[in-house]
Amino acid sequence: MYDFEYHRPANVEDALKLIGERGEAKLLAGGMSLLPSLKMRLARYSDLVDLGGIAELNGIRRDGNALVIGAMTPHAVVAASPEVNSTIPALASLANGIGDPLVRNRGTIGGSIANSDPAADYPAGVVGLGATIITNQREIEADEFFLGLFDTALAPREIITAVRFPIPRKAVYLKLRQQASRFAVVGVFVARMGNGARVAVTGAGPSVFRVKDAEAALARKFDASVVKGLQIKQDNLSSDIHASAEYRAHCTSVMIGRAVTAVS
Amino acid sequence: MPVVSMTVNGNSVSGEVEGRTLLVQFLREHLRLTGTHVGCDTSQCGCCTVHIDGKGMKSCSVLALACNGSSITTIEGVAVDGKLHPMQQAFHEHHGLQCGFCTPGMIMSALDMVRRKGNDLDEHTVREQLEGNLCRCTGYHNIVKAIQAGAAAMKGDATPATQHD
């Protein structure tokens, strides 16, 4: 790992000041992806601005018919939260399947979505529930947030402060996990909302995506029969040592069916 | 160079570190607490597991400076007055190790498991919760038995999972 200067601001304003002043500064959340990538020298920064000392970024609260999760809330806290388990158990279960227990004690929701790893779990929950990403300067709809492989709509000096999840009627997250890393080979999040259904897929392509054909069919009739044999286009799916695009397309289709059955 | 201060196994310590110094390097190379191991250095194996403010984490993926002001417990801080902790004793009795390299991480992870899941652990739970720790000898069978027995032995024990958490 190349050396850098480390900073630990106590509030968002100071963090913004630091990343504004410093040349190649990077925000550090839980560090479960960033530190391993720095150790492999895949990236180099002049400064790391650790958000771990900012209390206001941590915590879970109910806000009307939504759940607001602070950006620095660790996965283990989301997984064990009575508030999350009683309102969106699918989200608690998603958080409980990330990495391993030791990673879940440190990794955070804000770090995960800012990183936008193609095989990360949280993007499926964020897009599947139609969440809103709250930053220091604006609110970004989930559909506008994930732009591609490790790419998001975040501006260079923008900090995620929280994510607001609408509470669905029912939702489920199913993951075909890569056996060694626990990342998603394919992850499917299906949510039955008051006004229709949302289907989001992670792991299968370079970034999370919605399956609008399935959503439209489910809006007419929420039943597994309407997504049976659903064809998923392979053009934009990933092929790697874990699975071919063809296999990922097949799994996506099968898993959407199972997810719909689970929330029916 | 910046100075980091923290409590390690109940003792206040501080030292000069670089921004990039990892917690595991600070523990091993500065404090000479070499019970915490570096197995893979890619946050897969869990040999470097310690408790940071009471929670199990992989010290190869945490910066030393990020622990400024924190309370750390390593495997060296688990036994009290030369007497093995019930979890260590269980690993001894059930022969929960072969080469022993992964053992410190296994024990620190097991204690975190008890904190999260309680004292009555069935085999499935232990195996599932142990997925952040690898044993290259593949001696999981006795490790699982040891953790179940250690967790049960900690029942009713007034002392917390580890004395310094």
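Every chain is numbered from 1, with letters handed out A, B, ... down the list of sequences.
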> Can you name the side-chain contact (heavy atoms from CB on, under 4.5 Å) partners of Thr73(A), sequence neighbours left out?
Replying inline: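 Only Asn58(A), Ile60(A), Ile69(A), Val77(A), Val78(A) meet the side-chain contact (heavy atoms from CB on, under 4.5 Å) criterion with Thr73(A).
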
Given heavy-atom pairs under 4.5 angstrom as the criterion, report whether the side chain, backbone, both or neither of [X] touches chain B.
X	result
Leu102(A)	both
Leu38(A)	neither
Leu48(A)	side chain

Take a 6.0 Å sphere around [atom1] of [X] and say whether it holds more than 12 heavy atoms from other residues, nucleotides or ligands.
X	atom1	value
Glu13(A)	CD	yes
Arg127(B)	CZ	yes
Tyr247(A)	OH	no
Arg136(B)	CZ	no

> Short question: side chain of Asn105(A), backbone of Gly56(B) - any donor-acceptor pair under 3.5 Å?
Replying inline: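 Present.
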
> Are the side chain of Asp3(A) and the backbone of Arg20(B) linked by a donor-acceptor contact shorter than 3.5 Å?
Replying inline: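 At least one qualifying donor-acceptor pair exists.
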
> In Å and rounded to the nearest 0.5 Å, what is the CZ to NZ distance from Arg104(A) to Lys55(B)?
Replying inline: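 Rounded to the nearest 0.5 Å, the CZ-NZ separation comes out at 13.0 Å.
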
>> As an exercise, state the distance from CD of Glu5(A) to CG of Leu65(B), rounded to the nearest 0.5 Å.
In response: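 These two atoms lie 10.5 Å from each other.
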
>> Going by side-chain contact (heavy atoms from CB on, under 4.5 Å), Pro101(A) matches just one of Met113(B), Glu131(B), Glu128(B). Which one?
In response: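 The residue from Met113(B), Glu131(B), Glu128(B) that satisfies side-chain contact (heavy atoms from CB on, under 4.5 Å) with Pro101(A) turns out to be Glu131(B).
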
>> Counting only non-hydrogen atoms closer than 4.5 Å, does Ser61(B) touch chain A with its backbone (N, CA, C, O), its side chain (CB onward), both, or neither?
In response: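 Contact with chain A: backbone and side chain both.
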
Taking side chain as C-beta onward, heavy atoms only, is [X] less than 4.5 Å from [Y]?
X	Y	result
Asn133(B)	Asp100(A)	no
Phe4(A)	Leu63(B)	yes
Lys39(A)	Leu22(B)	yes
Val62(B)	Arg106(A)	yes
Ser43(B)	Met32(A)	no

> Out of Gly132(B), Ser109(B), Ala66(B), which one racks up the most heavy-atom pairs below 4.5 Å with chain A?
Replying inline: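 Top count of heavy-atom pairs under 4.5 Å with chain A: Ala66(B).
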
